[in-house]
Amino acid sequence: QVQLLESGPGLVKPWQTLSLTCTVSGASITATTYFWSWIRQPPGKGLEWIGHVNYMGHTAYSPSLKSRASIFRETGKNQFILELASVAPEDTAVYYCAGDEADFDMDYWGKGIPVTVSS
């Protein structure tokens with residue numbers, strides 16, 4: 001079965017860059033049709049899609065985060081990475097990685113990693 005695991009710092013300071021890693025097992029991130037996404041949920045709020053990278057390495061981002069977000073693959077490690085620049089307290093959230101088999105229903109999810117932005 002496909003499993004995803006988020007890792008990275010739980011606390012970052014304002015203006016720093018947040019870097020999170022999603023490690024995938026049970027499927028190759030280069031396998032045809034797969035899309036690999038980052039989603040976040042601020043406290044008391046709904047899910048917000050950040051962006052994705054697909055099996056070919058092509059990316060797409062939420063318009064509200066496009067200027068600050070970057071998603072890329074480490075194919076040799078079967079990982080994909082989120083970098084979110086110039087973070088602010090409003091970026092505090094639980095961050096999830098997820099996989100989709102090109103049918104838009106986010107088939108696989110990690111458990112999430114809480115990230116707090118604070119000085």
Return the minimal non-hydrogen interatomic distance between [X] and [Y], and the atom names on each side.
{"X": "Y95", "Y": "L82", "result": "CD2-CD2, 4.0 Å"}
{"X": "K13", "Y": "V117", "result": "C-CG1, 4.1 Å"}
{"X": "L18", "Y": "P9", "result": "CD1-CG, 4.0 Å"}
{"X": "S28", "Y": "T30", "result": "OG-OG1, 2.8 Å"}
{"X": "K111", "Y": "E6", "result": "N-OE1, 3.4 Å"}
{"X": "Q79", "Y": "T23", "result": "NE2-OG1, 3.0 Å"}

| query | In the hydrophobic clustering that connects Ile, Leu, Val, Met, Phe, Trp and Tyr at side-chain heavy-atom distances below 4.5 Å, which members other than I81 occupy its cluster, ordered by chain and number? | reply | F72
Donor-acceptor check, side chain of [X] to backbone of [Y], threshold 3.5 angstrom: yes or no?
{"X": "D107", "Y": "E101", "answer": "yes"}
{"X": "D100", "Y": "D105", "answer": "yes"}
{"X": "E74", "Y": "N78", "answer": "no"}
{"X": "R40", "Y": "V94", "answer": "no"}

| field | Check: E83/T17 side-chain N/O donor and acceptor closer than 3.5 Å | value | no
| said: Looking only at side-chain N and O atoms, does S118 offer a donor or acceptor that is under 3.5 Å from a partner on T116? | reply: no
| Run the side-chain contact (heavy atoms from CB on, under 4.5 Å) check on W49 and M106 step by step: do they pass? | CA-CA 11 Å; W49 179 73; M106 299 296 181; 4.1 Å; yes
| request: Would you check, one step at a time, whether the test side-chain contact (heavy atoms from CB on, under 4.5 Å) holds for Y108 with C97? | output: CA-CA 8 Å; Y108 314 109; C97 57; over 6 Å; no
| task | For the pair F80 and W36, name the ring-plane relationship: parallel under 30°, tilted 30 to 60°, perpendicular over 60°. | result | tilted
Among the clusters formed by ILVMFWY side chains lying less than 4.5 Å apart, do [X] and [Y] turn up in the same one?
{"X": "I39", "Y": "V87", "answer": "no"}
{"X": "Y96", "Y": "W38", "answer": "no"}
{"X": "W109", "Y": "L5", "answer": "no"}
{"X": "L4", "Y": "F35", "answer": "no"}

Kindly indicate whether the side chain of [X], heavy atoms from C-beta on, has any atom under 4.5 Å from the side chain of [Y].
{"X": "Y61", "Y": "S70", "result": "yes"}
{"X": "Q16", "Y": "S86", "result": "no"}
{"X": "Y34", "Y": "V24", "result": "no"}
{"X": "I50", "Y": "S62", "result": "no"}

| field | Option among L11, D91, V12 that satisfies the side chain to side chain contact (heavy atoms under 4.5 Å, CB included) test with V115 | value | V12
